[in-house]
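As structure tokens, the structure follows; a few thoughts come after it.
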Amino acid sequence: MADQPRIAVVGSTMIDLIAYPPRVPAEGETIQGRDFQLGFGGKGANQAVMARLLGAEVAMVNALGDDVFGDMTVANFETFGIDGSHLVRVPGSSGVASIWVEPDGTNRIICVAGANDAMVPADAARAVTALAPALVIGQFEIPQPVTTAAFSAARSAGAVTVLNPAPAADMDPDLLAVCDWVIPNEVEFARLADASSDATDDDIAAFARRTGTRVVVTLGARGAALLGEDGTVRRIPAPAVAASDTTGAGDAFVGAFAYGLARGLDEVDAVRLGVRCASDSVQRPGTQRSFPRDVEVGELLPHAASRGTRTLS
Ligand code: RIB
């Protein structure tokens with residue numbers, strides 16, 4: 001595919017063990033689940049796959065264990081055509097996520113980082129420099145100093161940096177200093193901004209002013225809020241859909257938004273693309289396997305198609 005941007009994801013991989021119970025069990029209770037899926041996850045890997053499905057040239061930078069889950073994850077990236085030349089293997093377990101999804105699609109997740117915690121800042125910086133991407137994506141499922149080193153290398157090379165600060169945690173100021181875009185959900189935003197969980201326009205604008213970053217807050221079924229260049233917040237609604245599994249929807253948003261930015265779409269169109277892909281994904285079970293396969297960016301965004309697209313690379 002011509003003119004496709006190169007994106008590096010410096011982030012996590014997990015094997016998702018997803019149970020679909022009729023309700024969550026009470027303390028000390030065992031219940032029967034309705035269904036089970038073993039799938040590929042990890043916020044980093046999910047975002048890499050979404051960007052790849054839209055057409056980006058994607059490289060994944062991560063550490064995997066020396067177990068069968070590591071082998072499976074390498075093969076999964078090969079299947080998608082994601083560059084795995086900067087994946088390293090370390091002794092011990094790969095990352096694993098135990099996930100419960102209730103009938104209304106809401107999820108509860110416990111991640112065990114395993115090999116993700118063995119990533120090394122200098123290796124990540126070297127990988128980003130070697131890959132020379134237009135855009136680098138990070139999350140909070142690997143040590144923050146690794147993301148800081150990767151984003152610093154990206155900035156030195158003129159690449160755009162996009163941080164999805166998930167799961168919710170406090171952010172190292174050194175990392176914040178090298179973020180161009182920060183994309184939390186409402187819970188993560190409240191933690192970072194020390195604000196109410198409502199993500200009001202004033203809270204979003206104040207956070208962006210204080211940190212010098214561009215901000216998008218994802219709002220689940222309500223879409224997303226983008227702080228525009230003019231300092232005003234624009235809310236982009238999501239289509240009404242019947243959600244059966246929301247796992248990975250935020251990752252579909254981040255991967256698609258990053259793709260849109262790197263492809264040269266207007267940032268509002270990039271948010272629309274993210275909302276569209278996330279809304280689509282919640283209608284199918286699973287994580288990566290729920291992501292849309294057939295989204296044509298030009299078809300999805302008529303005004304982007306008529307305006308033409310630019311590439312950052
Ligand atoms: O965002 C969803 C992801 O969070 C899952 O794939 C799971 O692995 C955890 O990382």
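The figures that follow rest on heavy atoms only: side chains count, while hydrogens, waters and symmetry mates do not. Atoms within each ligand, like the ligands themselves, are counted from 1 in listed order.
The ligand atoms of ligand 1 that sit less than 4.0 angstrom from a heavy atom of D16 are 5 (C), 6 (O), 7 (C), 8 (O). In the vicinity of D251, heavy-atom distances shorter than 4.0 Å reach the ligand 1 atoms 1 (O), 2 (C), 3 (C). Annotation for ligand 1: atoms under 4.0 Å from non-hydrogen atoms of A97 are 7 (C), 8 (O). Near G248, meaning under 4.0 Å from any of its heavy atoms, are these atoms of ligand 1: 2 (C). Within the listing of ligand 1, atoms 9 (C), 10 (O) sit less than 4.0 angstrom from a heavy atom of C111. Ligand-side atoms of ligand 1 in range of T287: 6 (O), range being under 4.0 angstrom from any heavy atom. Within the listing of ligand 1, atoms 6 (O), 8 (O) sit less than 4.0 angstrom from a heavy atom of G41. Taking a cut-off of under 4.0 Å to the non-hydrogen atoms of G42, the atoms of ligand 1 that pass are 5 (C), 6 (O), 7 (C), 8 (O), 10 (O).
Rounded to the nearest 0.5 Å, atoms CD1 (I110) and CD1 (I99) are 10.5 Å apart. One distance of note links CE of M72 with CG of L64; it measures 11.5 Å at 0.5 Å rounding.
Between G95 and N116, the shortest heavy-atom contact is CA-ND2, 3.6 Å. Across A118 and V90, no two heavy atoms sit closer than the pair CB-CG2, 4.0 Å.
Residue-to-ligand polar distances place K43 within reach of ligand 1: an N/O pair is separated by less than 3.5 Å.
A salt bridge is absent between D269 and R276: the closest approach of a Lys/Arg side-chain nitrogen to an acidic carboxylate oxygen does not fall below 4.0 angstrom. Remark: R284 does not engage D245 in a salt bridge, criterion side-chain N to carboxylate O under 4.0 Å.
Of all the heavy atoms of M14, the ones lying under 4.0 Å from any atom of ligand 1 belong exclusively to the side chain.
Among protein heavy atoms, the minimum distance from atom 10 (O) of ligand 1 is reached at E141 OE2, 2.6 Å.
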Would you give me the side-chain donor-acceptor pairs under 3.5 Å for residues 119-136, sequence neighbours excluded?
from : atom 1 : to   : atom 2 : distance (Å)
D123 : OD1    : R126 : NH2    : 2.7
T129 : OG1    : A125 : O      : 3.0

* **Test side-chain contact (heavy atoms from CB on, under 4.5 Å) applied to F140 and L175, step by step** => CA-CA 11 Å; F140 274 176; L175 174 54; 3.8 Å; yes

